[in-house]
Amino acid sequence: MLEISENDFALYDVFEDAGHMVRMLARKKNIEIRCGCEEVLTDFYGDEGVLRQVMLNLLSNAIKFSPPDTVISLSARRQPTGDVCVAVTDQGIGIAEDDIEKILTPFYQVDSSYARTEEGTGLGLSIVQKYLELHQASLTITSAVGQGTTVSFTLPAARFRDVPVLGRQRSSCA
């Protein structure tokens, strides 16, 4: 059973740290990481280490499955409801629609010639999903084979200390 250790921290700093941690990996493939995150993403209540691991996993996957000389974008924006939508978008190999739900299953790996050349246990996205659920966040994956993937999650407004949440309804990244 996964447990989280919650405290207050600046969510923006977690995104920035994760981006810095994967930059060398991205440089090896001449991949640019663009961060379009609102600096106002502060006063978040959750597990800082767990969310850093989520971001590292999502950015590492985007780098791993992207060809050289492409761009990966990390964005975070506050919705009108106060929820925050976070998205990592790549220009990589993409995922077939039939495989999207399957890749959230522990140990499942898409059987493609490109995927077989990449190391991994097939646990990454299933763990990411569990970590996000512990923060009451929802995960969404949209992808097109040969065009890239966007993995997004929505963090609830109730976890942000600076956002009143009375009478609000959850929103999605769409």
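One is the number of the first residue; the rest follow in order along the sequence. Everything quoted here is computed from the prediction, not taken from an experiment. Below, each value reflects all heavy atoms present in this structure, side chains not excepted, and no hydrogens, waters or symmetry copies.
- In this structure, Lys29 contributes its side chain and Ser66 its backbone to a donor-acceptor pair below 3.5 Å.
- Here the side chains of Leu155 and Phe44 are in contact, with some heavy-atom distance below 4.5 Å.
- Summarising the geometry of Leu134 relative to Arg159, their closest heavy-atom pair is O-NH2, 3.5 Å, with the distance given to 0.1 Å.
- Salt-bridge annotation for Arg161 and Asp8: present, with a side-chain N of the basic residue lying under 4.0 Å from a carboxylate O of the acidic one.
- One distance of note links CG of Leu11 with CZ of Phe160; it measures 5.0 Å at 0.5 Å rounding.
- Minimum interatomic distance between Gln79 and Cys85 (heavy atoms only, all atoms of both residues): NE2-CB, 3.5 Å.
- Expressed to the nearest 0.5 Å, how far OG of Ser152 lies from CZ of Arg77 amounts to 8.5 Å.
- Atom CD1 of residue Ile63 and atom CG of residue Asp90 lie 10.0 Å apart, to the nearest 0.5 angstrom.
- With rounding to the nearest 0.5 Å, the separation of CG in Asp47 from CD in Gln53 is 10.5 Å.
- Put simply, the side chain of Ile95 does not reach to within 4.5 Å of the side chain of Phe65, judged on heavy atoms.
- Side-chain contact between Ser75 and Thr89 is absent, with no heavy-atom pair separated by less than 4.5 Å.
- For the pair Phe15 and Leu74, the minimum side-chain heavy-atom distance is below 4.5 Å.
- If you chain together hydrophobic residues whose side chains sit under 4.5 Å apart, Val145 and Ile93 never meet in one group.
- The two atoms that bring Thr149 and Gly94 nearest to each other are OG1-CA, 3.5 Å, heavy atoms only.
- Looking at residues two or more places apart in sequence or on another chain, you find no salt bridge (Lys or Arg N to Asp or Glu O under 4.0 Å) involving Glu16.
- The SG atom of Cys35 sits 12.5 Å away from atom CD1 of Ile72, with the distance rounded to the nearest 0.5 Å.
- Evaluation of the side-chain contact (heavy atoms from CB on, under 4.5 Å) rule for Val71 yields Glu32, Arg34, Gln91 as partners, not counting sequence neighbours.
- The CG atom of Leu125 lies 7.0 Å from the CG atom of Leu139; values are rounded to the nearest 0.5 Å.
- Counting only heavy atoms from C-beta outward, the side chains of Val22 and Leu56 approach each other to under 4.5 Å.
- Nearest heavy-atom pair, Ala62 versus Val88, reported as atom, atom and distance to 0.1 Å: CB-CG1, 4.0 Å.
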Hey, mind stepping through Asn61 and Val151 against side-chain contact (heavy atoms from CB on, under 4.5 Å) and telling me if it holds? CA-CA 10 Å; Asn61 278 353; Val151 180; over 6 Å; no
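- Residues Val86 and Thr154 are not in side-chain contact: their nearest non-hydrogen atoms beyond the backbone lie 4.5 Å or more apart.
- When hydrophobic clusters are built by joining Ile, Leu, Val, Met, Phe, Trp and Tyr residues whose side-chain heavy atoms come closer than 4.5 Å, directly or via intermediates, Phe9 is not grouped with Tyr45.
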Could you go through the salt bridge (charged side-chain N to carboxylate O under 4.0 Å, His left out) check for Arg52 and Asp17 one step at a time? CA-CA 8 Å; Arg52 184 174 288 108; Asp17 290 349; 3.0 Å; yes
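- The side-chain heavy atoms of Val14 and Glu48, taken from C-beta on, include a pair separated by under 4.5 Å.
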